[in-house]
*Asks:* 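Let me give you the structure first, and then I'll get to my questions.
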Amino acid sequence: MTTAGDIMHRGAQWIPAHETLDRAAQLMRELNVGALPISDENERLCGILTDRDIVVGCVAKGHDPAKVTAGEMAKGTPRWIEADADVDDVLTEMRTHQIRRLPVIDDKRLVGMISEADLAQHLTDEQLAAFAESVYARSASG
């Protein structure tokens, strides 16, 4: 059985909710990633911050990224998957919630992230085709 832990990108890091968006952008650059999980003061997932969120939700609105926090950008119910979850559960979670990045948790700790690029590297052609069809067909019609 292939698990979330098998396909995830290791070394993911939190951005604390109190950190500013300029710091988040710097961390994204350092890690060469486009998204960071946001943690609350107890290191619990409270959202995901993307580079697009910073640009569209802050900069394009004329706000100062040095004054807006990651926590202010956290919206909705955060989704994650346990490291020992089957890859089919990963696909279901991402498909159902129309998400492109999924934090992987083990013993209440962030251990990795799964992105569409990770799926492309580890799924069979059939699994990848079914995932792409279900995600992109829905988003194109909606």
*Asks:* Verify the cluster assignment for Leu21 and Val33: are they in a single hydrophobic cluster under the rule of side-chain heavy atoms below 4.5 Å apart?
*Replies:*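 Yes, one cluster joins them.
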
*Asks:* Scan for salt bridge (charged side-chain N to carboxylate O under 4.0 Å, His left out) pairs involving residues 6-32, sequence neighbours excluded, and state none if there are none.
*Replies:*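 As it turns out, the salt bridge (charged side-chain N to carboxylate O under 4.0 Å, His left out) pairs with a partner in residues 6-32, which skip direct neighbours, are Arg23-Glu30.
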
*Asks:* Under a single-linkage rule joining Ile, Leu, Val, Met, Phe, Trp and Tyr whose side-chain heavy atoms are separated by less than 4.5 Å, which residues share a cluster with Ile105?
*Replies:*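 Members besides Ile105, by chain and number: Trp14, Leu45, Trp80, Leu110.
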
*Asks:* Compare every heavy atom of Gly47 with every heavy atom of Pro78, then report the nearest pair and how far apart it is.
*Replies:*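 Answer, listing the atom of Pro78 first, then Gly47: CB-N, 3.8 Å.
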
*Asks:* Give me the atom names and distance for the closest heavy-atom approach of Ala24 to Ile15.
*Replies:*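 Ala24 and Ile15 have their closest heavy atoms at CA-CD1, 3.9 Å.
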
*Asks:* Looking only at heavy atoms, what is the nearest atom pair of Val104 and Ala4, with distance?
*Replies:*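 It is CG1-CB, 4.3 Å.
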
*Asks:* Please tabulate, one pair per line, all N/O donor-acceptor pairs under 3.5 Å involving side-chain atoms of residues 87-94, not counting sequence neighbours.
*Replies:*
| unit_1 | atom_1 | unit_2 | atom_2 | d |
| --- | --- | --- | --- | --- |
| Thr92 | OG1 | Asp88 | O | 2.9 |
| Glu93 | OE2 | Arg79 | NE | 2.6 |
| Glu93 | OE2 | Arg79 | NH2 | 2.9 |

*Asks:* Decide side chain to side chain contact (heavy atoms under 4.5 Å, CB included) for Thr50 and Arg100; before the verdict, give the C-alpha distance in whole Å, the side-chain angles of both, and the deciding distance to 0.1 Å.
*Replies:* CA-CA 11 Å; Thr50 67; Arg100 309 233 187 299; over 6 Å; no

*Asks:* Considering non-hydrogen atoms only, spot the tightest contact between Thr69 and Ala17 and give its length.
*Replies:*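 Of all heavy-atom pairs spanning Thr69 and Ala17, the closest is CB-O, 3.3 Å.
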
*Asks:* Can you pull out every salt bridge (charged side-chain N to carboxylate O under 4.0 Å, His left out) where at least one residue sits in residues 35-62? Sequence neighbours excluded, please.
*Replies:*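 Passing the test, one end in residues 35-62: no pairs.
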
*Asks:* Which heavy atom in Ala74 sits nearest to a heavy atom in Cys46, and how many Å separate them?
*Replies:*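 Between these two residues, the closest heavy atoms are CB-O, 3.4 Å.
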
*Asks:* Name all pairs fulfilling the salt bridge (charged side-chain N to carboxylate O under 4.0 Å, His left out) condition that reach into residues 63-74, sequence neighbours left out, sorted by first residue then second.
*Replies:*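 Sorted pair list comes back empty.
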
*Asks:* Can you tell me how far OG1 of Thr3 sits from CD of Glu82, rounded to the nearest 0.5 angstrom?
*Replies:*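 Answer rounded to 0.5 Å: 11.5 Å.
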
*Asks:* Determine, using the 4.5 Å side-chain heavy-atom cutoff (strictly less than), whether Ile38 and Val111 are members of one ILVMFWY cluster.
*Replies:*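 No; Val111 is not reachable from Ile38 via cluster members.
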
*Asks:* Under 3.5 Å, side-chain donor or acceptor atoms of residues 112-119 against the rest of the protein: list the pairs with distances, not counting sequence neighbours.
*Replies:*
| unit_1 | atom_1 | unit_2 | atom_2 | d |
| --- | --- | --- | --- | --- |
| Ser115 | OG | Ala117 | N | 3.3 |
| Ser115 | OG | Asp118 | N | 3.4 |
| Ser115 | OG | Asp118 | OD2 | 3.2 |
| Glu116 | OE1 | Tyr136 | OH | 3.2 |
| Glu116 | OE2 | Tyr136 | OH | 2.4 |
| Asp118 | OD2 | Ser115 | N | 2.8 |

*Asks:* Report the residue from Gln13, Gln26, His9 that forms a side-chain contact (heavy atoms from CB on, under 4.5 Å) with Leu31.
*Replies:*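 Exactly one pass, corresponding to Gln13.
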
*Asks:* Establish whether Leu49 and Ile99 are linked, either directly or via other cluster members, by ILVMFWY side-chain heavy-atom contacts under 4.5 Å.
*Replies:*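 In one cluster: no.
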
*Asks:* Check for me, please, whether Leu36 and Ile48 land in the same ILVMFWY cluster - side-chain distances under 4.5 Å, paths through other members count.
*Replies:*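 Not linked; separate clusters.
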
